[in-house]
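Everything below concerns the one structure shown next.
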Amino acid sequence: MSIVRPYGDTTGDGMVQLSFTLPIPHSKVAEGAAAQLAGKMGMDPALVVHAKPMGPDFTFFVVYGRVSHLVDTSKVEVVERDYPLLTPKEVNLSIRKGLRRRLTVVGGCIGNDAHTVGIDAILNIKGFAGEKGLEYYREVKVVNLGAQVSVPQLVARARAEKADAVLVSQVVTQRDAHIHGVKEMSAAFREAYPAAARPLLVVGGPRFDETMAGELGVDRVFARGTTPGEVASFLVDQLVTRRAERAAS
Ligand code: B12
């Protein structure tokens, strides 16, 4: 069945929970304002179930209520994985046979972003979710530039290392910093390289929409929960398998 409604107390009752902050001190009026907002967003009835002062001038709310909207799962657009998931052994073997040299990856957090935990989860040997990071792969050379790398620094290092792929993390999303940062980065790589020689551009972070690769000018977007194995498999698919297919045709 492709049409579904939210489930709260009983199947299909349409109940949802919403949290937000209003820039007003906690009071009965503030709670009324929260209920009014939820009502305008389509929740009816809208019940304020939690209100907590956040300092003297702000209040955090949780509102529980019913919405009448239906969701059609057949109209949902997502990026499905379109490459096979490989084990580290298979990744190493493919690179060795297909490239006949190590695959070089340069990565980091660009702009002001200092949230390195995500890129480290993908690159560092300790990895993520029980999987080892790309440093563990014998046939992958990892250059992790860490936090707050400027775009010119990233381009220069990618050139110096003859990077096959550039992996960029953006976690801060205030004022769409992640979107602006990635667009600046992809434009800089397009300017610095002839199209055929440009490294594969891969970005990731918890608030990216995976369908945005084209708009951002990158080859792939990875969102929250990404594992190193998925990234390694994607790199092999793009830089070894598909390249060999193109060369053969
Ligand atoms: C830890 C943390 C910090 C640490 C960072 C330490 C470090 N070395 O990374 C410190 C204390 C330094 C910090 C500072 C700040 N932080 Co902070 N921080 C967090 C926190 C709690 C966790 C982030 C994290 O480590 N997640 C774990 C990793 C594993 O998850 P991930 O990043 O999503 O990565 C996964 C995927 O997204 C993906 N991925 C990520 N990157 C990449 C890249 C590639 C190429 C690929 C393939 C995949 C990929 O793979 C990873 C594994 O699955 C978040 C809140 C939260 N719970 O998420 C806030 C948060 C990100 N921080 C926030 C803020 C505001 C800040 C500060 C501005 C606070 C301040 N006023 O000073 C500063 C900014 C510093 C800066 N210049 O960037 C906000 C951002 C809000 C926004 N809309 O932008 C958040 C959301 C907290 C909040 N709710 O307000 N922070």
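As a basis for the values below, the full set of heavy atoms in this structure was taken, side chains included, without hydrogen atoms, waters or symmetry mates.
- In this structure, a donor-acceptor pair under 3.5 Å is absent between the side chains of Q170 and H115.
- Residues R5 and V71 form no side-chain contact, since every pair of their non-hydrogen atoms from C-beta on lies 4.5 Å or further apart.
- Of all heavy-atom pairs spanning D13 and G8, the tightest one is OD1-N, 2.9 Å.
- A continuous path of ILVMFWY side-chain contacts below 4.5 Å connects V143 to V203, so both sit in one hydrophobic cluster.
- Other residues, nucleotides and ligands place no more than 12 heavy atoms under 6.0 Å from the CE atom of M41.
- Here the closest heavy-atom approach between residue P56 and residue P25 is recorded as O-CB, 3.3 Å.
- One hydrophobic cluster, built from ILVMFWY side chains closer than 4.5 Å, cannot hold both F234 and L216; they sit in different ones.
- A continuous path of hydrophobic side-chain contacts links V231 to I119 [ILVMFWY only; heavy atoms under 4.5 Å].
- With R102 contributing its side chain and R138 its backbone, the two residues share a donor-acceptor pair below 3.5 Å.
- Using a 4.0 Å cut-off between charged nitrogen and carboxylate oxygen, R242 and D237 count as a salt-bridge pair.
- Both cation-pi conditions hold for R159 and Y193: the charged atom is under 6.0 angstrom from the six-membered ring centre and inside a 45 degree cone around its axis.
- At distances below 3.5 Å, not a single donor-acceptor pair connects side-chain atoms of D219 with backbone N or O atoms of V202.
- G217 and S186 get closest at one heavy-atom pair: O-CB, 3.2 Å.
- Enclosure of atom NZ in K126 by more than 12 non-hydrogen atoms of other residues, nucleotides or ligands within 6.0 angstrom is indicated.
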Derivation of the side chain to side chain contact (heavy atoms under 4.5 Å, CB included) call for V63 and Q17: CA-CA 6 Å; V63 180; Q17 188 170 295; over 6 Å; no

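- One finds the CG atom of L47 at 11.5 Å from the CZ atom of R66 (value rounded to the nearest 0.5 Å).
- One finds the OG atom of S233 at 8.0 Å from the CD atom of E90 (value rounded to the nearest 0.5 Å).
- Judged purely by atom type and a 3.5 angstrom limit, R157 has no side-chain atom pairing as donor or acceptor with the backbone of L145.
- Of the possible polar contacts, none joining the N124 side chain to the A121 backbone as a donor-acceptor pair under 3.5 Å is found.
- Between the side chain of Q153 and the backbone N or O of S150, at least one donor-acceptor pair lies under 3.5 Å.
- Separating the CD1 atom in I179 from the OG1 atom in T173 is a distance of 9.0 Å, to the nearest 0.5 Å.
- Residues V48 and Y64 are not in side-chain contact: their nearest non-hydrogen atoms beyond the backbone lie 4.5 Å or more apart.
- At a threshold of 4.5 Å between non-hydrogen side-chain atoms, the residues L70 and V4 do not count as touching.
- Interatomic distance, T116 OG1 to N144 CG, rounded to the nearest 0.5 Å: 8.0 Å.
- Looking at heavy atoms from C-beta onward, Q148 lies out of side-chain contact with I110 at the 4.5 angstrom threshold.
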Could you go step by step and tell me if Y137 and V142 meet the side chain to side chain contact (heavy atoms under 4.5 Å, CB included) rule? CA-CA 9 Å; Y137 294 70; V142 173; over 6 Å; no

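- In this structure, the side chains of R190 and R198 come closer than 4.5 Å at one or more pairs of heavy atoms.
- Side-chain contact between V182 and M185 is present, with at least one heavy-atom pair separated by less than 4.5 Å.
- Under a 4.0 Å N-O distance rule, the pair K141/D164 does not qualify as a salt bridge.
- The structure places CD of E210 at 9.5 Å from CD of E80, a figure rounded to the nearest 0.5 Å.
- With hydrogens and angles ignored, the 3.5 Å screen pairs no side-chain donor or acceptor of S19 with any backbone N or O of V62.
- The nearest pair of heavy atoms linking A188 to V155 is CB-CG2, 4.0 Å.
- Applying side-chain hydrogen bond (donor to acceptor under 3.5 Å, both in side chains) to E139 and the options R96, R101, K97 leaves one that passes, R96.
- By the 4.5 Å heavy-atom criterion applied to side chains, V140 and I95 are counted as neighbours.
- Within a 6.0 Å sphere centred on CG of N112, heavy atoms belonging to other residues, nucleotides or ligands number 12 at most.
- In this structure, T59 contributes its side chain and I24 its backbone to a donor-acceptor pair below 3.5 Å.
- Using a distance-only test at 3.5 Å, with no hydrogens or angles considered, a donor-acceptor pair links the side chain of T73 to the main chain of S2.
- Counting non-hydrogen atoms of neighbouring residues, nucleotides and ligands closer than 6.0 angstrom, the CZ atom of R224 reaches no more than 12 such neighbours.
- In this structure, the ring of F60 has its center no less than 6.0 angstrom from the ring center of F20.
- Under a 3.5 Å cut-off, the side chain of Y83 and the backbone N or O of V236 do not form any donor-acceptor pair.
- No continuous path of ILVMFWY side-chain contacts below 4.5 Å connects V105 to V168, so the two sit in separate hydrophobic clusters.
- Distance CG/D120 to CD1/I125: 13.0 Å, rounded to 0.5 Å.
- Defined by atom type and a distance below 3.5 Å, a donor-acceptor pair is present between the side-chain atoms of E131 and T227.
- The aromatic ring centroids of F61 and H50 lie 6.0 Å or more from each other.
- At least one donor-acceptor pair under 3.5 Å links the side chain of S27 to the backbone N or O of A30.
- Both F222 and L200 belong to a single network of hydrophobic side chains, linked directly or stepwise wherever heavy atoms of I, L, V, M, F, W or Y lie under 4.5 Å apart.
- V79 is listed as a side-chain neighbour of R220, based on a closest heavy-atom distance under 4.5 Å.
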